[in-house]
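Below you'll find the structure, written out as structure tokens, and then a few comments.
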Amino acid sequence: METKNVILTQDVIEKKIKRIAYEIYEHNSDEQEIIITGIWDRGMILAEKIAKILQEISPLQIKLVRLDLNKQRPEGVTLSEEIDFNGKVIVLVDDVANSGRTMLYALKPFLQFLPKKIQTAVLVDRKHKSFPLSVDFVGYSLATTLQDMVMVEMAEEEIMSAYLV
């Protein structure tokens with residue numbers, strides 16, 4: 001059995017999510033609307049939580065979009081709805097940035113448009129990436145070895161913990 005080295009507990013995760021939401025608002029306070037795009041499934045749960053907090057703390061109009069892709073074979077990327085992303089602010093959300101590959105492939109549907117800006121948000125950012133990705137909004141940053149994996153444990157719609165395997 002693999003050992004779990006817990007790096008974030010549920011109460012700390014809730015504080016990190018709130019901080020991410022405040023940072024997103026601080027960096028986009030001059031906007032009317034932002035599009036929060038969650039990578040299914042863990043990223044979408046995190047995106048929903050961030051969007052809820054943003055609606056409470058800001059006057060921003062929040063549009064929530066679900067992005068689906070197969071993380072092992074990420075050629076096909078689909079969105080929950082067709083939107084004109086031209087001139088829009090998009091925040092792409094996932095639970096963990098491990099290699100950076102998933103986030104890079106997730107950008108594909110937005111490349112046919114000219115968004116105003118695309119920002120990224122993750123709960124845990126692992127520092128050893130194989131792909132050139134930097135994350136804008138990070139709950140927790142962690143230097144790991146290439147063999148280490150960061151996992152986020154969910155129970156239905158709740159984020160329970162993050163741990164190192």
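Treat the numbers as computed from the prediction; the structure is a model and nothing was measured.
- Considering all non-hydrogen atoms of both residues, Glu156 and Ile45 come closest at O-CD1, 3.5 Å.
- Annotation for Glu26: atom CD counts as buried by contact number, over 12 foreign heavy atoms lying within 6.0 Å.
- Between Val96 and Met149, every side-chain heavy-atom pair lies at or beyond the 4.5 Å cut-off.
- Taken to the nearest 0.5 Å, the CG atom of Leu64 stands 7.5 Å off from the OG atom of Ser80.
- Applying the 6.0 Å contact sphere to OH of Tyr25 captures more than 12 heavy atoms from other residues, nucleotides or ligands.
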Please walk me through it: do Lys52 and Glu48 pass salt bridge (Lys or Arg N to Asp or Glu O under 4.0 Å)? CA-CA 6 Å; Lys52 183 174 186 268; Glu48 289 167 348; over 6 Å; no
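- Counting only distance, with no hydrogens or angles, the side chain of Arg126 and the backbone of Val150 share no donor-acceptor pair below 3.5 Å.
- Across all non-hydrogen atoms, the minimal contact from Gly38 to Ala47 is CA-CB, 3.7 Å.
- Tested against Ile35, the residues Ile118, Val91, Val89, Ile83 include a single side-chain contact (heavy atoms from CB on, under 4.5 Å) partner, Ile83.
- At a threshold of 4.5 Å between side-chain heavy atoms, the hydrophobic network of Ile, Leu, Val, Met, Phe, Trp and Tyr places Phe113 and Leu104 in one connected group.
- Glu81 places a side-chain heavy atom less than 4.5 Å from the side chain of Lys63.
- Between Glu14 and Lys18 no salt bridge is recorded (no basic side-chain N to carboxylate O distance below 4.0 Å).
- The local environment of CZ in Phe137 is crowded, with over 12 non-hydrogen atoms from other residues, nucleotides or ligands closer than 6.0 Å.
- From Glu23, atom CD reaches atom CG of Asn28 across 11.5 Å, with rounding to the nearest 0.5 Å.
- Linking Ile, Leu, Val, Met, Phe, Trp and Tyr residues whenever their side-chain heavy atoms come within less than 4.5 Å leaves Ile20 and Ile90 in two separate clusters.
- Side-chain atoms of Val152 and Leu46, non-hydrogen and from C-beta on, never get closer than 4.5 Å to each other.
- Atom-to-atom distance recorded for Thr102:OG1 and Leu107:CG is 11.0 Å, nearest 0.5 angstrom.
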With side chain to side chain contact (heavy atoms under 4.5 Å, CB included) as the test, would you mind laying out the steps for Gln32 and Gln61 before giving the verdict? CA-CA 6 Å; Gln32 300 289 303; Gln61 288 183 341; 5.6 Å; no
Run the side chain to side chain contact (heavy atoms under 4.5 Å, CB included) test on Thr37 and Phe110 for me, step by step, so that the C-alpha distance in whole Å, both residues' side-chain angles and the decisive distance to 0.1 Å come before the verdict. CA-CA 11 Å; Thr37 305; Phe110 310 118; 3.9 Å; yes
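- At least one side-chain heavy atom of Lys49 sits under 4.5 Å from a side-chain heavy atom of Glu158.
- Side-chain heavy atoms closer than 4.5 Å link hydrophobic residues (I, L, V, M, F, W, Y) into clusters, and following such links, even through other members, never connects Met44 to Leu69.
- Looking only at distances, no side-chain donor or acceptor of Asp136 sits under 3.5 Å from a matching main-chain atom of Ala121.
- Looking at Asp41 and Met154, their side chains never come closer than 4.5 Å, going by heavy atoms from C-beta outward.
- The heavy-atom pair separating Ala21 from Ile53 by the smallest distance is CB-CG2, 3.5 Å.
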Taking it one step at a time, do Met160 and Ile13 satisfy side chain to side chain contact (heavy atoms under 4.5 Å, CB included)? CA-CA 8 Å; Met160 305 307 291; Ile13 288 169; over 6 Å; no
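- The shortest non-hydrogen separation linking Ala97 to Val135 is CB-CG2, 4.0 Å.
- Considering CD1 of Ile50 and CD1 of Ile17, their distance stands at 6.5 Å, rounded to 0.5 Å.
- A single hydrophobic cluster is seen to contain both Val93 and Leu142, as judged by linkage of ILVMFWY side chains at heavy-atom distances under 4.5 Å, directly or through other members.
- Hydrophobic cluster membership differs between Trp40 and Val77, with clusters built from Ile, Leu, Val, Met, Phe, Trp and Tyr side chains linked at under 4.5 angstrom.
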Worked check of side chain to side chain contact (heavy atoms under 4.5 Å, CB included) between Ile159 and Leu8: CA-CA 10 Å; Ile159 304 172; Leu8 295 173; over 6 Å; no
